[in-house]
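Right, one structure below, let's go through it.
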Amino acid sequence: MSDQFPEPSFGVEHDSSGGSSLVTGHSSLELPGGSHVTAVHDPFHGDLLEVSMGPHHPSTHGVFRMMVTLDGETIVKLKPVFGYLHRNHEKLGENTTYLSSMPYTDRLDYLNSMTNNWAYALAVEKLAGQPVPERAEYLRVILAELTRLLNHTCLAGFLLQDTGASGTPLMYAFREREKILDLFESLSGSRMMCNYQRFGGCRVDATPEWLAAATQLTDGYNEFLDEYEALITGNEILMARTQDVGVLKPDLAVSAGITGPMLRASGVNYDLRKVDGYGIYPRFEFRIPLGDHGDTYDRYMIRVLEMRESIKILRQALRAIPAGPILDPKAKIRGFRPKPGEAYGRIEGPKGEIGFYLISDGSPNPYRYRVRPPSFINLTILEDMCLGQTIADAVIILGSVDIVLGEVDR
Amino acid sequence: MFIRVHLWLTKMLGSGLIQGLAVTAKNLVGSFHDPLRFTTLEYPEQQPKLPENYRNFPFLVTENAGDPMGTLRCVACQICEKECPPQCIYIEKSKDKKPDATGRMQIYPAVFDIDTSVCMSCQICVEVCPFDAIKMDQVFEIATTDRFSALLLRREQLAKPNEYYHSIHPTEATEVDARLAAERKVAEEKAKAAAAAKATAPKPAANAAVAGLAEAGRPGPATPATKPIPAPTPPQPASSNPAQPPAAPSAEAENSPPAAA
């Protein structure tokens, strides 16, 4: 074969001395489970094949590119390429005022603008020593938990889309998501780019009608989850596709800095709502679901169980929300200049720990503005989860990581 | 915690699929009679009902529908231009002054452009405006074949009457009107007190007026305590009429000294 056709150049170097050639850098690649992948170079086995998935590919959740090296259908190497959506977010934050960065945080993880706003507001409030009124804290918890419902519902829909169930489950998930987005729109004025939190409170007060609508949605959400779980949780095809696929070991997850549902699916009990107890979370009664196996199915189930816990928090918060102001009277909208210092504010976003690190030099702009994005850091572990799996599994493993490219590239 | 074993090996193979198909069938039937399951809208024929808080692109409020350019609330202070995150506002101050809605001589924006291809409808300009001059619109059908000049909105296209503001954000507009009326009343009282003080010996009446001004602060949720009050009218001659209607600039107003923005 090689006599008749020129050697294909796929970016993988081969041992030209003949015999069994090996991939450079992976000469004795051991896969999870103990098996070895040995790249052979003979007419009957074929070569290693490098496939470029993305950046424009329906399964990559945005403009994300995976350079996958395949031996047959098995992945022996995976190189993530990103940065296609880089928008200079951190440098923009250093060149605009503190308030002007708030609408830009909406565009980080554009599914969860409310939690992004909260994390940024928390960092600035720490920096400036700004208290937050009681009602605003309750509103923040309500909106953050609604965001968690929204994000996890989306993820469940996308995961099914990735396994090939194109359409139906995704549309059911999006139908419910749209109801939450309607709530956000009637409160903040925009479905996704909410720009709602302010330093020292919130921007718009929730009317009694809004709270009633939120209560109604919360009460009906368990019903939707029951129905959705009947649709897919017991589905044999989903189980066969996701169980024991993309296993992430707890020690690897901890050492890679993974946070959020991915970490808890591996069985590590770490949730900032319990660890930090920021805001008023210690007042609520809820549990942290943990996974046993750290595979893709666990990551899906963790999200479903977290949604059920979120509903519990929402019920308590909606029952106990007090009357009062929503913005601290001393909060400044214009001419905001915090004292020199530094602060790191972090919350448990739906995807993991989202944090903002700010250094102030006393000017209206932050001296340093740094985002700790959960999607990006959770993505770093992608190759370790994909090695030894098939290329079709790489798609659902990526789906279960739950990335939003706006946050990965910033 | 939950138990995860290979359930599909233990239970009857296919029962999960059948259960899922039952859910799909329920949704299919439900979409014909249940509004919770059929949530879409035949858009161009059926128009969506926008919530009152919905925002999309700013506009400039004018007090007098008959003469929109002469009675803009905007005094070209350029705060929104500085604070706008994507820098999509461009303002040029006027060289001359024109009477505003209260009859006071004011600088006005000779040029006020908003590039809606850059604007991200974040509402920061509305929040920082001390004069309630710029508010959020609710237009969303602005598709055009000309991506340059048709998306660059000029002062004439941005100016919309206060009645329009009332029609899209009724609650908010009522609050704004009440606040503006209170501020004007306090300013007039203060002017009267100052005039009286000028006529006789200095009195602490001005201080009382300032206290009243603080009480008449913004009652709404977007309440920055630091919201600066429009500069109170400087001492006027006692002949000036305090009960002047807001939208009728008169010859008397021409004589009153202009307020610094």
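Throughout, protein chains are lettered first and strands after them, A, B, ... in sequence-line order, and every chain is numbered starting at 1.
- More than 12 heavy-atom neighbours from other residues, nucleotides or ligands sit within 6.0 angstrom of CD on B/Q46.
- For a residue to count as touching a neighbouring chain, one of its non-hydrogen atoms must lie under 4.5 Å from one of that chain's; by this rule A/S186 touches chain B with backbone and side chain alike.
- Here CD of B/E127 is found 5.5 Å from CZ of A/R203. Values are rounded to the nearest 0.5 Å.
- A distance of 6.5 Å separates CD in B/E83 from CG in A/L99, rounded to the nearest 0.5 Å.
- Between the NZ atom in B/K49 and the CG atom in A/D182 there is a gap of 11.5 Å [rounded to 0.5 Å].
- Using a 4.5 Å cut-off between heavy atoms, A/Y228 does not touch chain B at all.
- Annotation: B/Q87, atom CD; neighbour count of heavy atoms from other residues, nucleotides and ligands within 6.0 Å is above 12.
- Of the two parts of A/L187, only the backbone, made up of N, CA, C and O, holds a non-hydrogen atom closer than 4.5 Å to a non-hydrogen atom of chain B.
- Among the candidates A/R175, A/M102, A/K179, the residue making the largest number of heavy-atom pairs closer than 4.5 Å to chain B is A/R175.
- Side-chain atoms of A/E185 do not come within 3.5 Å of backbone N or O of B/Y54 as any donor-acceptor pair.
- Taking a 6.0 Å sphere around OH of B/Y43, one finds it holds more than 12 heavy atoms contributed by other residues, nucleotides or ligands.
- Within a 6.0 Å radius of NZ in B/K185, no more than 12 heavy atoms belonging to other residues, nucleotides or ligands are found.
- Both the backbone and the side chain of A/S190 come within less than 4.5 Å of a heavy atom of chain B.
- Within the 3.5 Å criterion, the main-chain N or O of B/P85 finds a donor-acceptor partner in the side chain of A/Y104.
- Here the CD1-OG1 distance, from B/I124 to A/T96, works out to 9.5 Å after rounding to the nearest 0.5 Å.
- To the nearest 0.5 Å, atom CG of residue B/L17 and atom CD1 of residue A/I237 are 4.5 Å apart.
- Under the 4.5 Å side-chain criterion, counting only non-hydrogen atoms from C-beta, B/P51 is not in contact with A/F184.
- Contact check for B/Q19 versus A/I232: no side-chain heavy atoms found under the 4.5 Å cut-off.
- Note that the OG atom of A/S100 and the NZ atom of B/K82 stand 12.5 Å from one another [nearest 0.5 Å].
- The most heavy-atom pairs under 4.5 Å with chain A, out of B/Q138, B/E52, B/Q123, come from B/Q123.
- Using modelled atom types and a 3.5 Å distance limit, the side chains of B/R55 and A/N195 yield no donor-acceptor pair.
- For the side chain to side chain contact (heavy atoms under 4.5 Å, CB included) with A/T168, the qualifying choice from B/T24, B/V23, B/N27 is B/T24, the only one to do so.
- Using a 4.5 Å cut-off between heavy atoms, A/R198 contacts chain B through its side chain alone, with no backbone atom that close.
- In B/E42, the CD atom is not crowded: 12 or fewer heavy atoms of neighbouring residues, nucleotides or ligands sit closer than 6.0 Å.
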